[in-house]
Structures are given as structure tokens and as C-alpha cells.
Novice: 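I'd like to ask some things about the structure below.
Below, chain A is the first sequence line, B the second, and so on; all start at residue 1. Values below: every heavy atom of this structure, side chains too, minus hydrogens, waters and symmetry copies. Since the model is a prediction, treat every value here as computed from it, not as a measurement.
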Amino acid sequence: MEPTREQKIWQVVLAVPEGRVVSYGQVADMAGLGRQARFVGRALGKLPAGHSVPWFRVIRTNGQIAFPQGSEAFARQKNLLEKEGIEVINGRVPMGRFRWTP
DNA sequence: AGTCTGACTCGAG
DNA sequence: GCTCGAGCCAGAC
């Protein structure tokens with residue numbers, strides 16, 4: 001069977017190296033989806049159990065984490081990012097230094 | 001089948 | 001730099 005859009009997205013996310021982040025729109029573009037950034041968010045929400053996809057390296061184009069500040073998911077993502085040396089300030093990441101470009 | 005919603009983005013004020 | 005409105009697509013009701 002052909003790769004679905006979700007699988008392409010997961011593939012792109014898997015290609016993101018440690019210590020780097022990408023925006024949803026960037027992932028969508030690299031996966032050949034154009035500007036459908038929302039689809040990326042939904043695809044990540046559908047991740048199967050036992051996956052090895054670094055979903056936490058995917059953030060908004062302005063550097064802000066996609067979850068509401070204070071939520072569990074937010075705390076989890078922030079923790080994982082800082083663990084890789086990515087600075088998270090006030091719920092945001094300085095995109096200028098950590099943004100991944102192929 | 002119609003409407004609403006969401007892990008988004010962009011342009012304008 | 002922030003807020004608001006519109007555009008997008010698939011899934012849930």
C-alpha cells in the first residue's frame with residue numbers, strides 16, 4: 001500500500017536531529033502537503049503506541065509550544081526539549097538558533 | 001449531509 | 001509583539 005500523509009509526516013519528524021526543532025508548517029511542506037499545518041497536528045495526535053517519533057521537536061512557527069501553558073502535555077514537551085539542550089523560555093523556543101533547516 | 005472543532009498559519013490593525 | 005478573522009482538511013456528532 002502507498003504511504004499515507006500521516007506516514008510521510010512521521011518520516012519527516014523522524015528526520016529531525018536532536019537539539020533542533022521544526023514548525024508544523026515546515027513539516028507539512030516537507031511532507032508534500034503544502035500549507036496544511038493542521039493536518040500535521042492531527043497526524044501527531046494519531047501516533048500509534050510504541051512509536052519512536054520525536055513529536056516534541058515540532059512546535060509553532062513562532063516558536064511557541066502548541067499546548068496551553070500549564071497542561072501536562074506542555075510540561076512533558078518542555079522537559080523533553082530542555083533535555084536535548086533546547087532553551088524554552090516562557091513557553092517558547094528561540095527559533096533563530098534551534099530551527100532545523102535541511 | 002451539515003456543522004463544529006482543532007497539537008496551525010498568515011495578513012492586517 | 002499581540003489580537004482578530006479567515007483559510008484549510010479530516011474526523012466526530
Side-chain angles (χ1 to χ4, degrees):
Chain A
M1 78 183 236
E2 304 173 12
T4 64
R5 292 178 265 191
E6 298 172 355
Q7 289 177 325
K8 287 184 181 175
I9 289 170
W10 301 338
Q11 173 104 25
V12 171
V13 177
L14 280 167
V16 180
E18 274 188 30
R20 295 297 178 124
V21 295
V22 287
S23 69
Y24 290 91
Q26 193 176 354
V27 172
D29 189 40
M30 283 192 251
L33 302 176
R35 272 221 192 67
Q36 303 175 185
R38 296 198 103 127
F39 194 90
V40 176
R42 210 169 329 120
L44 294 182
K46 285 175 166 181
L47 282 169
H51 62 74
S52 57
V53 181
W55 56 270
F56 52 86
R57 294 188 190 132
V58 184
I59 58 182
R60 293 191 177 171
T61 198
N62 64 346
Q64 186 156 31
I65 291 177
F67 298 107
Q69 203 167 1
S71 66
E72 266 182 57
F74 177 92
R76 191 158 51 244
Q77 182 167 10
K78 177 175 181 280
N79 190 23
L80 288 165
L81 288 173
E82 289 180 334
K83 209 167 171 184
E84 296 193 345
I86 300 172
E87 200 175 356
V88 179
I89 303 170
N90 199 11
R92 300 189 191 170
V93 174
M95 292 292 279
R97 290 189 315 205
F98 297 108
R99 186 155 155 113
W100 177 60
T101 51

Novice: What is the distance from CZ of A/R42 to P of B/dG6, rounded to the nearest Å?
Specialist: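 After rounding, the gap between these two atoms is 12 Å.
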
Novice: Is there a donor-acceptor pair closer than 3.5 Å between any side-chain N or O of A/Q26 and the backbone N or O of A/W100?
Specialist: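 It does hold such a pair.
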
Novice: For the pair made of CZ in A/R38 and P in B/dC4, what is the distance, rounded to whole Å?
Specialist: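 That distance rounds to 15 Å.
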
Novice: Select base, sugar-phosphate, or nothing to describe what A/G45 touches, counting heavy atoms under 4.0 Å on all strands.
Specialist: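 Base contact - A/G45 has a heavy atom under 4.0 Å of at least one base atom.
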
Novice: Between A/K46 and A/R92, which is nearer to the 5' end of DNA chain C once each is assigned its nearest nucleotide?
Specialist: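 Comparing both residues, the 5'-ward one is A/R92.
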
Novice: Using a heavy-atom cut-off of under 4.0 Å over every strand shown, decide if A/Y24 touches base, sugar-phosphate, or nothing.
Specialist: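 Base contact.
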
Novice: Any side-chain heavy atom of A/V22 sitting closer than 4.5 Å to one from A/V12?
Specialist: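 Result no, sub-4.5 Å side-chain heavy-atom pair not found.
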
Novice: When rounded to the nearest 0.5 angstrom, what distance separates CZ in A/R92 from CZ in A/R60?
Specialist: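 A/R92 atom CZ to A/R60 atom CZ measures 10.5 Å (nearest 0.5 Å).
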
Novice: To the nearest angstrom, how far is A/R35 atom CZ from B/dC10 atom C1'?
Specialist: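 My rounded result for the distance is 8 Å.
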
Novice: Find the distance A/I65:CD1 to B/dG6:P and express it as a whole number of Å.
Specialist: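 Distance check: A/I65 CD1 to B/dG6 P gives 19 Å.
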
Novice: Rounded to the Å, how far apart are A/N62 CG and B/dG11 P?
Specialist: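 The distance from CG of A/N62 to P of B/dG11 comes to 14 Å, rounded to the nearest Å.
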
Novice: Under 4.0 Å from any heavy atom of chain A: name the first and the last nucleotide of DNA chain C that qualifies, 5' to 3'.
Specialist: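 Contact boundaries, 5' end first: C/dC2 to C/dG11.
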
Novice: Over all strands shown, is A/R76 touching base, sugar-phosphate only, or nothing at heavy-atom distances under 4.0 angstrom?
Specialist: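 Counting heavy atoms under 4.0 Å across all strands, no contact is made by A/R76.
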
Novice: Roughly how many Å is it from CZ in A/R60 to P in B/dA7, rounded to a whole number?
Specialist: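 It works out to 9 Å between those atoms.
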
Novice: Return the CD to CD distance between A/Q69 and A/Q64, rounded to the nearest 0.5 Å.
Specialist: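 Those atoms lie 7.5 Å apart.
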
Novice: To the nearest Å, how far apart are A/Q36 CD and B/dG6 C1'?
Specialist: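 A/Q36 atom CD is separated from B/dG6 atom C1' by 14 Å.
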
Novice: Verify side-chain contact (heavy atoms from CB on, under 4.5 Å) between A/F98 and A/V88, making sure each step is shown before the conclusion.
Specialist: CA-CA 11 Å; A/F98 297 108; A/V88 179; over 6 Å; no

Novice: With side-chain contact (heavy atoms from CB on, under 4.5 Å) as the test, would you mind laying out the steps for A/F56 and A/K78 before giving the verdict?
Specialist: CA-CA 8 Å; A/F56 52 86; A/K78 177 175 181 280; over 6 Å; no

Novice: Atom CG of A/L44 and atom P of B/dA7: how far apart are they, to the nearest Å?
Specialist: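 Atom CG in A/L44 sits about 11 Å away from atom P in B/dA7.
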
Novice: State the dot-bracket string of DNA chain C. Criteria: Watson-Crick or G-U wobble, both atom distances under 3.5 angstrom; notation: ( ) intrastrand, [ ] crossing earlier pairs, | interstrand, . unpaired.
Specialist: .||||||.|||||

Novice: Measure from the side-chain N and O atoms of A/R5 to the backbone N and O of A/L33, and report whether any donor-acceptor pair falls under 3.5 Å.
Specialist: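 No: the side chain of A/R5 does not pair with the backbone of A/L33.
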
Novice: For residues A/Y24 and A/L44, determine if any side-chain heavy atom of one lies less than 4.5 Å from a side-chain heavy atom of the other.
Specialist: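 A/Y24 vs A/L44: side chains touch.
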
Novice: Any non-hydrogen side-chain atom of A/Q77 less than 4.5 Å from a side-chain atom of A/I59?
Specialist: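 A/Q77 vs A/I59: side chains touch.
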
